[in-house]
Trainee: 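Pasting a structure below so you can have a look.
We number each residue from 1, following the sequence as shown. Numbering of ligands and ligand atoms starts at 1, following listing order.
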Amino acid sequence: MLPPGPPLPPAAQLAAWIYEPARFFLACQRRYGDVFTMRLPGAPPRVMLARHEDIRAVFSADPARLHAGPANALVEPLVGPRSVLLLDGAEHLRERRRLLALFNARSAVAHGDTMRALTDAMVDAWPVGVPFSLRDAMQSLTLRIIVATLFGATAGPEGDALVRTLEGLLDLAQRPLLLVPALRRDLGALTPWKAFRAHLDALDALLAPRCEARRRALDASPDDADDVLAQLVGATEADGRRRSDRDVRDELVTLLVAGHETTANALAWTFAHALDRPTVCERIVREVNEVTGGAPVRASHLDGLTYTGAVIAEAMRLDPVLAHVGRQLTEPFTVGAWTLPAGAMVVPCIWLAHRDARVFPEPERFAPERFLEGRTSPHAYLPFGGGARRCLGMSFALQEMKIVLATVLRRASLARVAPGRPRVTRRGVVWSPAGGVAVVQRRPPRPPADGGVT
Ligand code: HEM
């Protein structure tokens with residue numbers, strides 16, 4: 001039997017899920033409690049979980065009983081069927097291990113200088129006195145960072161073409177209506193789906209020759225395989241065969257997409273919260289200057305930036321960019337008082353769990369200090385998901401966010417055009433600050449890393 005949920009028709013629930021997700025989740029929780037069932041057209045029932053006790057049951061269960069692939073099916077047209085996001089079982093585990101080796105904490109450190117150099121270049125190019133969207137700026141920056149990480153810092157003109165094509169593609173992919181499988185149809189030249197397919201083909205046309213060239217170079221000098229692309233194209237299957245072009249393409253697109261849009265929006269939310277509170281920004285700049293001694297921020301400084309990290313953690317608590325993660329049951333599964341049937345989707349709701357007043361007193365208050373006072377359970381605080389599917393770019397993303405936040409606040413004097421808590425809007429599966437966090441730079445930026453205080 002399924003827990004109760006709103007009696008609205010599935011199409012009305014879909015509209016609320018797309019356009020007013022935060023208010024809808026809260027209203028359902030108030031009416032039905034911490035476990036409730038949502039119904040969307042043509043999809044299995046979604047049992048939403050808001051308490052860490054229930055979320056723990058999901059994340060600590062055998063992954064064979066709860067598959068994430070079907071829950072991630074919405075992104076399949078973009079990332080392809082061979083993406084780690086879509087796989088389950090032994091195939092998932094093999095792919096995940098391979099990618100974790102590329103994006104572990106040590107390898108993230110190797111990219112720290114690139115992250116800072118690209119951030120400095122972005123700040124140097126910002127206008128003074130003219131409003132611009134910080135969310136868009138972060139999207140462009142994080143995309144450049146992941147392109148440089150995958151293809152090398154000198155990605156060159158081809159790198160620029162990749163960035164442009166991906167930006168076009170993601171602008172189309174974020175349209176909420178493309179989340180509805182029934183609307184993914186080619187209904188003529190101007191329909192979003194047709195344009196989306198054309199951008200996807202353009203992206204594949206850029207990636208294929210690049211992979212081919214890297215594979216040839218690798219064959220010629222097998223020892224020169226330090227970069228991420230070489231490790232992806234050079235990887236072999238369990239039986240020693242080279243991986244197929246299709247597999248490599250899906251993995252590359254997964255990393256390009258998962259590796260920047262989330263981070264960009266998490267940064268946009270963090271800036272929105274911090275810029276509204278001058279004392280928070282001052283404390284971050286003070287900490288950065290103390291830890292670096294005025295030198296450029298490097299990966300080796302990041303462990304010392306504890307307050308900066310707490311601000312990021314608190315922004316991701318209040319406004320997690322992926323607000324829920326799903327698992328489809330392969331067999332009946334017990335959560336609390338409910339035994340849920342095979343086929344149902346269980347959905348740990350990150351957004352609601354982060355508002356549990358038992359764990360986070362005064363949950364709507366922005367209070368970074370909470371994260372200076374010891375560890376929080378990974379089932380109560382889960383901006384990167386959990387269990388066998390926890391985000392494999394977590395170390396990379398946290399390092400990137402610290403470097404960007406520290407570098408920008410130290411150099412640029414930014415003011416929000418319309419201060420206050422932004423409303424949530426969906427960009428595809430990501431929850432983004434509505435209005436894009438418009439800001440104005442009040443005066444020209446300080447030179448890179450002069451140790452000054454804004
Ligand atoms: C602030 C930034 C980020 C956030 C908030 C975030 C969040 C998440 C979440 C919630 C999941 C789903 C976990 C689950 O189902 O339990 C996930 C999965 C994933 N993320 Fe991230 N992510 C971020 C950055 C990144 C980066 C930088 C990369 C790559 C370099 C990345 C690659 C992935 C991949 C490949 C998966 C699938 C893992 C699997 O299915 O085994 N993410 N992420």
Trainee: Tell me the protein heavy atom at minimum distance from atom 17 (C) of ligand 1, and give that distance in Å.
Mentor: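 Going by distance alone, atom 17 (C) of ligand 1 is nearest to Cys391 CB, 3.5 Å.
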
Trainee: Looking at side-chain heavy atoms only, is the closest gap between Pro6 and Phe24 below 4.5 Å?
Mentor: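 SC-SC contact between Pro6 and Phe24 confirmed.
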
Trainee: So Gln139 and Leu170, do their side chains get closer than 4.5 Å, heavy atoms only?
Mentor: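 A side-chain contact under 4.5 Å exists here.
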
Trainee: Give a yes/no verdict on whether any heavy atom in Thr263 is under 4.0 Å from an atom of ligand 1.
Mentor: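 Thr263 counts as a contact of ligand 1 under the 4.0 Å cut-off.
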
Trainee: Does Ile350, backbone or side chain, put an N or O under 3.5 Å from an N or O of ligand 1?
Mentor: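 Between Ile350 and ligand 1, no N or O pair is found under 3.5 Å apart.
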
Trainee: Considering only heavy atoms of Gly386, which atoms of ligand 1 have at least one such atom less than 4.0 Å away?
Mentor: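 Taking each heavy atom of Gly386 in turn, ligand 1 has 16 (O) under 4.0 Å.
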
Trainee: Is the cationic atom of Arg390 (NZ for Lys, CZ for Arg) positioned less than 6.0 Å from the six-membered ring centroid of Phe384 and within 45 degrees of its normal?
Mentor: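 Judged by the rule, Arg390 and Phe384 form no cation-pi pair.
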
Trainee: Phe103 heavy atoms, cut-off 4.0 Å: which ligand 1 atoms fall inside?
Mentor: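 Within the 4.0 Å cut-off of Phe103, ligand 1 contributes 30 (C).
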
Trainee: Do Asp88 and Arg389 meet the salt-bridge criterion of a basic N to acidic O distance under 4.0 Å?
Mentor: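 Looking at Arg389 and Asp88, the cut-off is met.
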
Trainee: Taking the six-membered ring of Trp351 as reference, does the NZ or CZ atom of Arg355 fall below 6.0 Å from its centre and within a 45° cone about the axis?
Mentor: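 Relative to the ring axis of Trp351, which defines the angle, Arg355 lies inside both limits.
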
Trainee: Check each atom of ligand 1 against the heavy atoms of Leu322 and keep those under 4.0 Å away; list them by number with element.
Mentor: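 Listed by number with element: 7 (C), 8 (C), 9 (C), 10 (C).
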
Trainee: In the protein, which heavy atom is nearest to atom 29 (C) of ligand 1, and how far is it?
Mentor: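 Checked against all protein heavy atoms, atom 29 (C) of ligand 1 sits closest to Gly259 CA, 3.7 Å.
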
Trainee: If the threshold is 4.0 Å, N to carboxylate O, is there a salt bridge linking Glu95 and Arg243?
Mentor: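 Judged by the 4.0 Å cut-off on N to carboxylate O distance, Glu95 and Arg243 do form a salt bridge.
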
Trainee: Just jot down the ligand 1 atoms closer than 4.0 angstrom to any heavy atom of Phe396, in number order.
Mentor: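 Atoms satisfying the 4.0 Å criterion: 27 (C).
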
Trainee: Counting the benzene-type ring for Trp, do Tyr381 and His52 have ring centres under 6.0 Å apart?
Mentor: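 No, they do not, as the ring centres are separated by 6.0 Å or more.
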
Trainee: Give the residue, atom name and distance (to 0.1 Å) of the protein heavy atom nearest atom 24 (C) of ligand 1.
Mentor: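 Minimum-distance protein heavy atom for atom 24 (C) of ligand 1 reads Thr262 OG1, 3.4 Å.
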
Trainee: Within a distance under 4.0 Å of any heavy atom of Val84, pick out the atoms of ligand 1 and give their elements.
Mentor: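 Close to Val84: 35 (C), 40 (O).
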
Trainee: For a 4.5 angstrom cut-off between non-hydrogen side-chain atoms, does Arg421 reach Glu364?
Mentor: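 Touching, per the 4.5 Å side-chain cut-off.
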
Trainee: What do you reckon, is CZ of Arg358 surrounded by more than 12 foreign heavy atoms closer than 6.0 Å?
Mentor: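 Yes, CZ of Arg358 has more than 12 neighbouring heavy atoms, counting only those of other groups under 6.0 Å.
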
Trainee: Would you please test Glu53 and Arg56 for salt bridge (charged side-chain N to carboxylate O under 4.0 Å, His left out) and show each step?
Mentor: CA-CA 5 Å; Glu53 294 86 344; Arg56 175 182 290 117; over 6 Å; no

Trainee: Of the protein's non-hydrogen atoms, which lies at the shortest distance from atom 25 (C) of ligand 1, and what is that distance?
Mentor: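 Going by distance alone, atom 25 (C) of ligand 1 is nearest to Ala258 O, 3.4 Å.
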
Trainee: What protein heavy atom lies closest to atom 36 (C) of ligand 1? Include the residue and the distance to one decimal.
Mentor: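 For atom 36 (C) of ligand 1, the nearest protein heavy atom comes out as Leu85 CD2, 4.0 Å.
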
Trainee: Output yes when the distance from some N or O of ligand 1 to some N or O of Arg96 is under 3.5 Å, and no in every other case.
Mentor: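 It does: an N or O of Arg96 is found under 3.5 Å from an N or O of ligand 1.
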
Trainee: Atoms of ligand 1 less than 4.0 Å from Val321 heavy atoms?
Mentor: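 In order of numbering, the contacting atoms are 5 (C).
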
Trainee: Using a 4.0 Å cut-off to any heavy atom of Ala266, which atoms of ligand 1 qualify?
Mentor: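 Answer for ligand 1: 1 (C).
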
Trainee: Heavy atoms, side chains only, cut-off 4.5 Å: are Trp17 and Arg46 in contact?
Mentor: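 When only atoms from C-beta onward are counted, Arg46 and Trp17 do touch, with a gap below 4.5 Å.
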
Trainee: Should Ala68 be listed as contacting ligand 1, given a heavy-atom distance under 4.0 Å as the test?
Mentor: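 No, Ala68 has no heavy atom closer than 4.0 Å to ligand 1.
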
Trainee: In terms of residue, atom name and distance, what is the protein heavy atom nearest to atom 35 (C) of ligand 1?
Mentor: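 Protein heavy atom with the smallest distance to atom 35 (C) of ligand 1: Leu392 CD1, 3.5 Å.
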
Trainee: Carefully, step by step, assess Trp269 and Phe366 under the rule ring pair (Phe, Tyr, Trp, His ring centres under 6.0 Å).
Mentor: CA-CA 12 Å; Trp269 283 111; Phe366 181 80; over 10 Å; no

Trainee: Report the part of Phe384 in contact with ligand 1, treating N, CA, C, O as backbone and CB onward as side chain, heavy atoms under 4.0 Å; options are side chain, backbone, both, neither.
Mentor: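 The part of Phe384 near ligand 1 is both the backbone and the side chain.
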
Trainee: Mark up the atoms of ligand 1 that fall under 4.0 Å of a heavy atom belonging to Pro383, in ascending order.
Mentor: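 Those atoms are 5 (C), 7 (C), 10 (C).
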
Trainee: To which of Arg390, Met316, Arg327 does the heavy atom nearest atom 14 (C) of ligand 1 belong?
Mentor: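 It is Arg327 that holds the nearest heavy atom.
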
Trainee: Out of Glu261, Arg389, Glu251, His92, whose heavy atom sits nearest atom 13 (C) of ligand 1?
Mentor: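 That would be Arg389.
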
Trainee: Specify the protein heavy atom at minimum distance from atom 12 (C) of ligand 1: its residue, its atom name, and the distance to 0.1 Å.
Mentor: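 Of every protein heavy atom, Val325 CG1, 3.8 Å lies nearest to atom 12 (C) of ligand 1.
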
Trainee: Can you confirm whether Asp62 is buried at CG, in the sense that more than 12 heavy atoms of other residues, nucleotides or ligands lie under 6.0 Å from that atom?
Mentor: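 It does: Asp62 CG has more than 12 such atoms within range.
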
